[in-house]
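Everything on this sheet refers to the single structure shown next.
Worth saying up front: this structure is predicted, and the values here are computed from it rather than measured. Each residue takes its place number in the sequence, starting with 1.
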Amino acid sequence: MTIRWKSIGLAAFAAALTLSASYAQAAGVLTIGRREDSTTFDPIKTAQNIDNWVFSNVYDVLVRVDKTGTKLEPGLAESWTTSDDGLTYTFKIRDAKFSDGTPLTAEDAVFSLLRIRDDEGSLWSDSYKVIDTAVATDPRTLTIKLKNPSAPFLSTLALPNASVISKAGMESLGADAYAEKPIASGAFTVEEWRRGDRIILKKNPNFWQADRVKLDGVEWISVPDDNTRMLNVEAGELDAAIFVPFSRVEELKKDPNLNVLTDPSTREDHLLINHAHGDLGKREVRQALDMAIDKKAIVDAVTFGQGTIANSYIPKGALYHYADNLQRPYDPEKAKQMLADAGVSNLTLTYLLRAGDEVDEQTAVLIQQQLAKAGITANLQKVDPSQEWDMTVNGDYDISVNYWTNDILDPDQKTTFVLGHDSNNNYMTNYKSDAVKDLVAKARQELDPAKRAQMYFDLQKMAKEDVNWIDLYYSPYINVARKNVENFYQNPLGRFFLEDTVKNQ
């Protein structure tokens, strides 16, 4: 999923810069600077990292991804069994409570799963349509029957958006109120949400692992400007900050009061292409664009060597990544000839980008210069970050850099979103291939790991041939924390394990 900016008012921006909050001075309260504010605490109504990375510590899931980001482990489901035909899953729900002290039961899990499957506001319904029935056979037993075998099913239960919410609380408060101040099933509760400024979390004493939580609370503070956010950490006005600019890494490493943290990630930056716009619908044109972009120059200049060239939509280190996938060489002259052979001349594109994003703007200028060498004009359209996402979803662009971090261990989710004709037009690209779509569906149901691996290798080759988008680079998560902060860690899927973080005085 991607991370997106939200607009904030001038007063809130000033507040974010001064960071004046008495609660933040309390012992054991961790302050984290981030670019933007959250949008909701309703897990089914967002697909954005800015939301999921916060409510992963407010809600809990049935099945968790471990710290290494490579395997599943028990969450609210302390154990489970699967029938021989792969269609029936039986989960034992642990003895747990919500933050309001009410018992968390199998009925709450049923409510949460059917809601993400059936609610018209759910952004994730397609991933859960495989569920035929979900019933609570007793307060601590959840039985799920699938319509057909699904290799990624257990992984989808670890998705933050499938978090277990309180059935009674949602029905009593209503979705809108619950989305503002939810009843927590995770390590922290939402004490206060100051829109455009900060979210204040407090330790949840009713969390089933409350003894594990060391912090009294957490504040996620919006500081949109990258350099200001780094200065706040250097000055001790923030305990930590995420999204360290590549250009600041080496400088921050020299500060004896700071730790720069580079954690393995599943992040892949890519150039979206709107296939519905004129000549961009021609595969030869998209192949020419791919050949006209010098990925190594982007990695060197923009990431300062922190990134590596991407060759697939499935990131390096993730399940079924195809290491030998095609990488087209940088050859602007050949790209120019390919365009001529396709009958395309004077190709002019609108390049949509977020104003104020240092990396986005550097990348845009480089790509604009590189495309020009192939005779392609890219007009940069800088827009307020609050506009950019909606414009992309609405298809108001020709090309635009975006990124994705995996939400689950299995490649099915991202593959479905970007290749399987999903409801967002294959992640806003309008890419269509029936052969690819059919293989995506078959790979989801194939339970033989070797056969399934080959299917994903084939999908990566087909996507590269069609140029669904242009793979740019992979990069680690880069965060910074004061030296008195321990265990500030983000796993490859992006989850912060704040239940293990310690702030020493």
- Message: Determine whether R115 and D42 satisfy the following criterion, salt bridge (Lys or Arg N to Asp or Glu O under 4.0 Å), listing intermediate values before the conclusion.
- Response: CA-CA 11 Å; R115 186 170 183 266; D42 189 337; 2.7 Å; yes
Go through the side-chain N and O atoms of [X] and [Y] and say whether any donor and acceptor fall under 3.5 Å apart.
X: S99; Y: N206; value: no
X: N49; Y: T405; value: yes
X: Q413; Y: N406; value: no
X: W124; Y: D126; value: no

- Task: Please step through side chain to side chain donor-acceptor pair (under 3.5 Å) for the pair E358 and S247, ending with a clear verdict.
- Result: CA-CA 9 Å; E358 176 184 311; S247 61; 2.6 Å; yes
- Item | Step-by-step side chain to side chain donor-acceptor pair (under 3.5 Å) determination, N402 to T392 | CA-CA 10 Å; N402 206 311; T392 305; 5.3 Å; no
[Y] backbone acceptor or donor facing [X] side chain under 3.5 Å:
X: Y313; Y: H270; value: no
X: N484; Y: Q505; value: no
X: D294; Y: Y330; value: no

- Task: If the plane angle is over 60° it's perpendicular, under 30° parallel, otherwise tilted; pick one for H277 and Y397.
- Result: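 Taking Y397 first and then H277, their aromatic rings sit tilted (interplane angle of 30° to 60°).
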- Electrostatic pair R64-D66, nearest N-O below 4.0 angstrom: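 Salt bridge between R64 and D66, a charged N being under 4.0 Å from a carboxylate O: no.
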